[in-house]
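All of these numbers come straight from a predicted model, not from anything done at the bench.
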Amino acid sequence: MNASASVDHLTPEAWATANRLLVRKALAEFAHERLIAPEPAGPGQWLVRSDDGTVEYRFAAQRLALDHWQVDADSIVRRRDGADLPPDAVDLCVELRGALGLTDAILPVYLEEITSTLAGTAYKLAKPALNAAELAAADFQAIETGMTEGHPCFVANNGRIGFGVHEYHAYAPEAAAPVRLLWLAAHRDHTTFTCADDLDYDTLVRAELGEETPARFTATLTGLGLDPADYLFVPVHPWQWWNKLAVTFAGEVARRRLVCLGEGPDEYLAQQSIRTFFNVSDPAKHYVKTALSVLNMGFMRGLSAAYMEATPAINDWLAGLIEGDPVLKRTGLSIIRERAAIGYRHRQYEAATDRYSPYRKMLAALWRESPVPALEPGRRLATMASLLHLDRDGRSLAAALIDESGLAPADWLRRYLDAYLVPLLHSLYAHDLAFMPHGENVILVLDGGAVERVVFKDIAEEIVVMDPDADLPEQVRRIRAAIPEDEKILSIFTDVFDCFLRHLSAALHTQGVLDQDGFWRTVAECATDYAATVPHLADRMRRHDLFAPEFTLSCLNRLQLRNNQQMVDLSDPSAALQFAGTLVNPLAPYAPRR
């Protein structure tokens with residue numbers, strides 16, 4: 001691709017559309033997080049003023065449950081001194097920098113993330129698009145690479161700072177470009193490999209690479225006069241090799257602690273999480289998750305070599321917990337386990353940094369099970385993020401699935417909630433366990449258009465047992481955290497209700513599929529029926545009341561606006577939370593009589 005063609009998607013028309021869509025989201029989510037306070041400007045009309053009062057944004061919006069602002073993108077008018085200006089997301093952030101609390105240090109990086117997010121939208125607008133019904137019927141990876149929104153709450157959700165435009169075309173999930181991973185030989189003195197009890201290194205390598213490729217890699221090492229027995233093979237994102245390891249780890253390469261072996265045989269597709277790859281040459285093989293030192297949505301997306309060490313043990317522990325819990329088993333919940341992990345430790349950077357430094361997260365990988373081999377006949381897979389997808393004409397993919405299922409909308413929703421929400425409730429109440437169950441971390445198993453069961457993924461880095469004294473195996477104790485009692489229920493209120501179901505309800509309500517009262521009544525019925533099956537947990541359910549009149553509003557954009565290099569201190573996740581008052585709980589009107 002030549003330099004000019006690489007930016008063919010950046011046209012005036014696409015840029016204007018991308019800005020209007022992102023300004024709509026910014027007004028909606030910043031209002032939701034009470035960073036801005038739109039003023040009434042007529043029936044269904046609202047006004048937001050810039051910090052200095054010289055710029056006005058006028059728009060139409062409905063205010064729905066959970067203080068969700070359903071802003072009409074086409075209605076947005078931006079004016080300065082009586083003259084209309086085109087909506088511009090970068091200008092919006094500058095005009096509201098005081099309200100948003102953007103410091104001199106954070107602002108330019110945030111604007112770069114906003115610009116990159118706009119460029120990503122322009123790229124997606126240039127692609128041939130399937131409508132919602134067509135995408136709903138598509139295969140697993142067509143749906144995965146067909147997503148356009150990214151995280152529904154974060155405004156700057158597609159920063160990917162570090163990717164050049166040529167790398168965007170090669171590695172962005174929406175580019176849907178097949179990728180071959182690079183492989184390195186890493187000296188055993190600096191490398192730790194761990195795996196599940198029923199797996200070993202040689203078995204994994206043969207299963208992933210076959211016989212010919214390891215022989216080729218071994219010949220490369222012997223050709224350099226090195227002993228292959230001294231090395232382990234590590235898969236690497238191509239970007240990470242070219243931009244980081246070949247330069248930042250140059251000393252390790254020069255001393256032959258790291259040896260580049262070339263590409264592996266299989267082709268992969270990048271998933272929405274950017275650094276995780278699905279094997280399209282053989283979909284039954286493992287996903288591969290790689291370190292990627294790109295700044296995206298509040299974090300450098302590296303992988304910690306130290307964290308990787310306990311990953312298989314944590315996954316095995318959780319799989320055993322699910323297998324041994326009849327309630328979780330009944331929901332059909334499964335996880336795709338991270339079966340093996342490998343990490344390289346650079347001694348010099350480790351001596352110079354703390355354990356959370358990005359310099360300790362540059363070379364590691366894990367192998368995660370594919371959901372394909374466990375798929376029942378006639379079933380298909382879709383990322384849960386697809387339930388929030390709207391096509392170019394604003395039509396909902398969730399609505400298309402409901403149509404396909406032939407179920408009444410509330411019945412379809414209930415099946416989904418029984419598969420998705422009940423395991424999360426039971427994990428909290430029975431085990432003090434919380435997942436990070438956003439759309440990208442959950443895979444739906446569909447029977448027709450109906451959700452039959454769900455698969456959770458991204459386990460070891462995301463789950464938390466919210467009891468610092470929980471009796472866990474030694475290798476698993478890393479996932480324990482001291483979470484204040486009154487914050488435990490936020491794992492449902494924030495992560496599920498506010499960050500996912502709020503958006504799903506708004507889409508179905510706006511399109512006339514299922515009004516918001518019917519939606520939240522169905523959620524309440526699901527929770528009430530679950531409670532009736534676990535009377536022994538009644539005390540815990542009273543203490544962490546799902547039907548409380550209101551709950552604390554925990555804000556995601558406020559985290560990123562405060563620190564877009566590392567939003568959360570992983571050693572103390574609770575301390576990082578940003579609160580902004582309370583939200584009325586849409587389940588409260590349906591509280592069961594006690």
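Taking the six-membered ring for Trp and the full ring otherwise, the centers of Tyr287 and Tyr268 sit at least 6.0 Å from each other.
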Exercise for review: Apply side-chain hydrogen bond (donor to acceptor under 3.5 Å, both in side chains) to Thr383 and Ser386, showing your working.
Suggested key: CA-CA 6 Å; Thr383 173; Ser386 65; 5.8 Å; no
Practice item. Check step by step if side-chain contact (heavy atoms from CB on, under 4.5 Å) holds for Ile161 and Asn296. Key: CA-CA 7 Å; Ile161 294 176; Asn296 193 55; over 6 Å; no
Exercise for review: Assess whether side-chain contact (heavy atoms from CB on, under 4.5 Å) is satisfied between Phe435 and Glu462, documenting all intermediate values.
Suggested key: CA-CA 6 Å; Phe435 294 84; Glu462 299 280 24; over 6 Å; no
Exercise for review: Using the side-chain hydrogen bond (donor to acceptor under 3.5 Å, both in side chains) rule, take Asn585 and Glu550 through it: C-alpha gap first, then chi angles, then the decisive distance, then the call.
Suggested key: CA-CA 5 Å; Asn585 183 0; Glu550 58 185 25; over 6 Å; no
Practice item. Verify side-chain contact (heavy atoms from CB on, under 4.5 Å) between Phe277 and Gln271, making sure each step is shown before the conclusion. Key: CA-CA 6 Å; Phe277 291 94; Gln271 304 296 279; over 6 Å; no
Practice item. Show your reasoning for whether side-chain contact (heavy atoms from CB on, under 4.5 Å) applies to Leu472 and Arg477. Key: CA-CA 6 Å; Leu472 299 179; Arg477 288 174 191 165; 4.1 Å; yes
Exercise for review: Take Glu338 and Asn315 through the side-chain hydrogen bond (donor to acceptor under 3.5 Å, both in side chains) test and state the conclusion after the steps.
Suggested key: CA-CA 6 Å; Glu338 291 145 358; Asn315 279 260; 2.8 Å; yes
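Considering CD of Gln272 and CG of Asn157, their distance stands at 10.5 Å, rounded to 0.5 Å. If you take CZ on Phe493 and CG on Leu501, they are separated by 12.0 Å, rounding to the nearest 0.5 Å. The distance from atom CG of Leu433 to atom CG of Leu318, rounded to the nearest 0.5 Å, is 6.0 Å. With rounding to the nearest 0.5 angstrom, the CD1 atom of Ile335 is 4.5 Å from the CD1 atom of Ile459. Residue Glu404 holds its CD atom at 7.5 Å from CG of Leu446, rounded to the nearest 0.5 Å.
Ile443 places a side-chain heavy atom less than 4.5 Å from the side chain of Ile336. Contact annotation: the side chain of Cys555 never approaches that of Phe579 to less than 4.5 Å [non-hydrogen atoms, C-beta and beyond]. Put simply, the side chain of Tyr110 reaches to within 4.5 Å of the side chain of Gln560, judged on heavy atoms. A 4.5 Å side-chain heavy-atom check between Met300 and Lys361 finds every atom pair outside the cut-off. In this structure, the side chains of Leu135 and Asp391 stay at 4.5 Å or more apart for every pair of heavy atoms. Counting heavy atoms from C-beta on, the side chains of Arg275 and Val294 never come closer than 4.5 Å. For the pair Phe497/Leu587, a side-chain contact is recorded, criterion being any heavy-atom separation below 4.5 Å from C-beta on. When side chains are defined from C-beta on, Pro409 does not count as touching Phe519, because their heavy atoms never get closer than 4.5 Å.
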Quick one: side chains of residues 147-155, donor-acceptor pairs under 3.5 Å with protein atoms, not counting sequence neighbours, listed by atom name and distance.
residue: Glu149; atom: OE2; partner: Lys25; partner atom: NZ; Å: 2.6
residue: His151; atom: ND1; partner: Cys153; partner atom: N; Å: 3.0

Please list, one pair per line, the donor and acceptor atoms closer than 3.5 Å that link side chains of residues 521-528 to other protein atoms, with sequence neighbours excluded.
residue: Thr522; atom: OG1; partner: Gly518; partner atom: O; Å: 2.7
residue: Thr528; atom: OG1; partner: Ala524; partner atom: O; Å: 2.8

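Taking the six-membered ring where the residue is Trp, Tyr171 and Phe163 present tilted rings, their angle falling between 30° and 60°.
Between Glu376 and Arg453 there is a salt bridge, since a side-chain N of the basic residue sits under 4.0 Å from a carboxylate O of the acidic one. Ion pairing between Arg380 and Asp447 fails under the 4.0 Å rule for side-chain N and carboxylate O. We find that Glu461 and Lys289 are joined by a salt bridge, their nearest charged nitrogen and carboxylate oxygen being less than 4.0 Å apart. Salt bridge Asp467/Arg480: absent, no basic N to carboxylate O contact under 4.0 Å. Residues Arg540 and Asp432 are paired through a salt bridge, judged by an N-O separation under 4.0 Å between the basic side chain and the carboxylate.
Qualifying side-chain contact (heavy atoms from CB on, under 4.5 Å) partners for Thr533, counting only residues two or more places apart in sequence or in other chains: Arg330, Tyr530. Every residue meeting the ring pair (Phe, Tyr, Trp, His ring centres under 6.0 Å) condition with His503, not counting sequence neighbours, appears here in chain and number order: His68.
With Met384 as the partner, the side chain to side chain contact (heavy atoms under 4.5 Å, CB included) test is satisfied by one option alone out of Val455, Asn441, Leu504, Leu444: Leu444.
Here the closest heavy-atom approach between residue Ala270 and residue Thr145 is recorded as O-CG2, 4.4 Å.
More than 12 heavy atoms of other residues, nucleotides or ligands sit less than 6.0 Å from atom CD of Glu452. Taking a 6.0 Å sphere around CG of Asp198, one finds it holds more than 12 heavy atoms contributed by other residues, nucleotides or ligands. Shown here is Glu485, whose CD atom has more than 12 heavy atoms of other residues, nucleotides or ligands within 6.0 Å.
Sorted by first and then second residue, the pairs that involve residues 490-500 and meet side-chain hydrogen bond (donor to acceptor under 3.5 Å, both in side chains), not counting sequence neighbours, are His32-Asp498, Asp498-Arg502. For residues 408-431, the pairs satisfying salt bridge (Lys or Arg N to Asp or Glu O under 4.0 Å) are Arg414-Asp418, Arg414-Asp529, with sequence neighbours left out.
Not a single donor-acceptor pair under 3.5 Å links the side chain of Asn279 to the backbone N or O of His286.
Gln240 and Ser293 form a side-chain donor-acceptor contact under 3.5 Å, judged by distance and modelled atom types alone.
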